[in-house]
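Some notes on the structure that comes next.
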Amino acid sequence: MSDFTSSFWPIYISAITIGGILGCVLLLWISGTTKVPSASDNTTGHVWDGDLREMNNPLPRWWVGLFIITVLFSGAYLYLYPGLGSYQGSLKWSQTDQFDREVTKGNEQVAPIYAAFQGKSIPQLAQDPQAMAIGDRLFMNNCAQCHGSDAGGSKSFPNLTDKDWLWGGSPEQIHETITNGRQGIMAPVAEAVGTPEDVRNVAHYVLSLSDSPHDSVRASLGKAKFGVCAACHGSDGKGNHALGAPNLTDNIWLHGWGENAIVDRITKGLHNVMPAWQSKFTPEQLNVLTAYVWGLSNKDAGAVEAAAEGGTNNAAAPAPAPAPAPVATPAPEASASPAAAEAPVGDDASVQVADGVVKLYFAVGKADLAAEADQALADIVTGVQAGKKAVVSGFVDSTGHAARNEELAKQRAFAVRDKLKALGVAEDMIELKKPEAIDAGADAKARRVEVSLS
Ligand code: HEC
Ligand code: HEC
């Protein structure tokens, strides 16, 4: 097998290699045989500074010897190893073979470790600290560049720590995704939808599915056109794992949020590729990676030790818990203030009221309000009726992508604003205030919106 695409290059390389060696030989030969006419005192006749003369001595023997050895060495080397264009050398050595041998050797060394995982189901593997430590390293080296080192994803690269799946979150589905890769394809369907106005209307209908801010007149006009989308996203908009068509009702936006983003999807379509890993990993490694990814969103089942809030994420500990960042993030507000005395905050949406401030907590990556939000906001609503203003500020935890987090903080604040409006508070009595630092630390308490009266 030759790496050359044209027969010119092997010849060119051989010619300059052999030409170089012959040049050396020629130089040796010339300098060994040619006699410079010499003056009677064995100098060449060159004189510098009036007194400095160049002697006409032969080359030192050791130097000539080295030259000869070099020439012989290169001859032997080029005979044994590939060096002359496409000639493979009599030993048939190649970089690829050497690499393959080393990989095989490495695989043999780790085989006993993987053998211990054999026969374990994916949930069992997700509980095995050694398997998860390996999974963590495999993930960091191969997946983190796209999905983020906390697997939190970013625009167009899905978050693997939540329960929102394009292609399904069962162990089998995740295994299939990693092994054979996935191609998420949405064709541009604007023509099927109708006029550009129809497209905007349908976009507002899609926004209405997740209770995102939308124009309700447009949304009701757009509803009729959603049939085009229903083929893939389902008539209820909840998506279809077989096609990788996302749930449009959950307020999680992989490719951007808002009317313009959705109009873009409809007019330009999408093609999003998750590479296949079958040829890179052994079946055992694919299982470990599947268990690692599955464990990220199934931590109750997956990680007994790491279940506690703020669990550390060092390589030895299995850390499928998504929320804690691997670094000890300074969280001044979250830990120094009276918050420390409050009840601990779980991973689901919840509510706490203290000192007239309503704190609404959110699940990772979500902007959905807890069911008790209405009740908790009752005092705020009364306060507004008494002439005060409601101030709404969104915070996020420090895991994940900063731009995405900022977007999330905004969406959470919008969700609370919409809730207040639904509870009868006029929009001009609600002040959306961006906090100076939206990132409020690494634990569940950081994922919140605060509402107070001013
Ligand atoms: C080159 C970037 C890239 C790399 C590297 C990559 N992925 Fe992905 N991955 C993607 C994209 C893009 C998608 C979304 C595909 C789609 O939109 O249908 C995805 C989707 C996934 C999904 C499906 C998510 C869902 O919601 O169904 C899983 C699971 C996944 N990747 C795991 C991995 C693992 C494990 C690795 C490392 C072995 C990895 N990925 C490496 C880009 C990447
Ligand atoms: C042929 C199947 C198909 C049809 C028809 C289709 N979609 Fe999609 N859509 C997809 C797939 C697949 C994706 C996800 C691509 C990816 O990320 O892998 C997607 C993604 C989206 C997204 C991005 C969601 C996000 O999280 O960012 C939006 C919005 C969307 N579609 C809206 C629509 C609307 C509105 C229509 C109808 C006008 C429609 N789609 C019709 C298959 C389809």
Side-chain angles (χ1 to χ4, degrees), residues 135-148 151 153-171 173-194 198-210 212 222-234 237 239-278 280-281 285-297 407:
D136 192 51
R137 281 194 292 274
L138 289 175
F139 191 89
M140 290 306 155
N141 289 333
N142 299 285
C143 324
Q145 70 270 39
C146 288
H147 291 284
S154 57
K155 191 155 183 266
S156 298
F157 298 104
N159 182 348
L160 303 180
T161 67
D162 61 11
K163 296 256 184 189
D164 177 50
W165 296 99
L166 292 162
W167 299 96
S170 71
Q173 286 163 321
I174 297 176
H175 189 269
E176 169 66 21
T177 299
I178 302 174
T179 308
N180 294 323
R182 299 285 194 182
Q183 305 244 355
I185 300 174
M186 168 166 162
V189 288
E191 275 179 30
V193 172
D198 291 333
V199 168
R200 280 186 69 190
N201 294 345
V202 127
H204 278 274
Y205 176 69
V206 169
L207 286 169
S208 76
L209 292 175
S210 54
S212 302
K223 185 171 182 187
K225 300 286 182 181
F226 192 73
V228 177
C229 327
C232 299
H233 292 281
N240 181 345
H241 290 331
L243 298 169
N247 183 346
L248 299 176
T249 69
D250 58 5
N251 210 6
I252 297 180
W253 305 96
L254 181 57
H255 301 284
W257 172 83
E259 179 190 312
N260 291 342
I262 301 176
V263 168
D264 262 8
R265 294 296 78 75
I266 302 173
T267 49
K268 295 184 192 150
L270 264 177
H271 187 181
N272 213 22
V273 179
M274 154 76 183
W277 297 91
Q278 189 165 32
K280 165 126 196 208
F281 295 124
Q285 286 174 321
L286 288 169
N287 277 346
V288 166
L289 270 169
T290 302
Y292 180 79
V293 170
W294 182 85
L296 292 172
S297 54
E407 168 88 10

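The first residue in the sequence is number 1, and the count goes up from there. Order of appearance sets the numbers: ligands from 1, and atoms from 1 within every ligand.
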* Asked: Can you name the one residue among Asn272, Ile262, Asp264 that meets side chain to side chain contact (heavy atoms under 4.5 Å, CB included) with His255?
  ->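 One option only clears the test, and that one is Asn272.
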
Counting non-hydrogen protein atoms only, what is the nearest one to [atom]? Give residue, atom name and distance.
atom	answer
atom 18 (O) of ligand 1	Trp167 NE1, 2.8 Å
atom 12 (C) of ligand 2	Ile185 O, 3.4 Å
atom 5 (C) of ligand 2	Val228 O, 3.4 Å
atom 4 (C) of ligand 2	Cys232 SG, 3.3 Å
atom 39 (C) of ligand 2	Met186 CE, 3.2 Å

Looking only at non-hydrogen atoms, which of [options] approaches [atom] most closely?
atom	options	answer
atom 38 (C) of ligand 2	Cys229, Pro246, Gly269	Cys229
atom 24 (C) of ligand 1	Thr177, Leu160, Leu254, Leu289	Leu160
atom 14 (C) of ligand 1	Pro158, Gly135, Gly153	Pro158
atom 37 (C) of ligand 1	Cys146, Cys143, Ser297	Cys143

* Can you measure from CZ (Arg265) to SG (Cys229) and round to the nearest 0.5 angstrom? =>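 It comes to 13.5 Å.
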
Specify side chain, backbone, both or neither for [X], according to which of its non-hydrogen atoms lie closer than 4.0 Å to ligand 1.
X	value
Met274	both
Trp277	side chain
Phe157	side chain
Pro275	side chain

* **Note, Leu166 side chain near Leu254 side chain (heavy atom, < 4.5 Å)** =>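 Yes; the side chains approach each other to less than 4.5 Å.
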
* Is there side-chain contact between Phe281 and Val288, with at least one heavy-atom pair below 4.5 Å? ->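 No, every pair of side-chain atoms sits at 4.5 Å or beyond.
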
* Asked: Can you tell me if His147 has a non-hydrogen atom under 4.0 Å from ligand 1?
  ->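 Yes; His147 lies near enough to ligand 1 that a heavy-atom distance drops under 4.0 Å.
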
* May I ask you to check if any N/O/S atom from His233 comes under 2.8 Å of atom 8 (Fe) of ligand 2? =>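 Checking atom 8 (Fe) of ligand 2 against His233, an N, O or S atom does fall under 2.8 Å.
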
Would you check whether [X] has a nitrogen or oxygen atom less than 3.5 angstrom from a nitrogen or oxygen atom of ligand 1?
X	value
Asn272	yes
Leu166	yes
Ser156	no

* **Side chains of Asn201 and Lys225, donor plus acceptor under 3.5 Å** =>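 There is no such pair (donor and acceptor under 3.5 Å, judged by atom type) between the side chains of Asn201 and Lys225.
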
Taking 4.0 angstrom as the limit and counting only heavy atoms of [X], give me the atoms of ligand 2 inside it, by number and element.
X	result
Leu270	15 (C), 20 (C)
Leu243	12 (C)
Ile252	26 (O)

* Asked: Atoms of ligand 1 less than 4.0 Å from Ile178 heavy atoms?
  ->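 Those atoms are 35 (C).
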
* Asked: Looking only at heavy atoms, is any part of Ile266 under 4.0 Å from ligand 2, and if so is it the side chain, the backbone, or both, or is it neither?
  ->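 Answer for Ile266: side chain.
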
* Select one of side chain, backbone, both or neither to describe which atoms of Ala231 lie under 4.0 Å from any atom of ligand 2, heavy atoms only. =>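 Within the 4.0 Å criterion, Ala231 makes no contact with ligand 2.
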
* Asked: Less than 3.5 Å between some nitrogen or oxygen of His255 and one of ligand 2, yes or no?
  ->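 Yes, there is a polar N/O contact under 3.5 Å.
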
* Please indicate whether any nitrogen or oxygen in Arg265 is less than 3.5 Å from any nitrogen or oxygen in ligand 2. =>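 No; the residue has no nitrogen or oxygen that sits under 3.5 Å from a nitrogen or oxygen of the ligand.
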
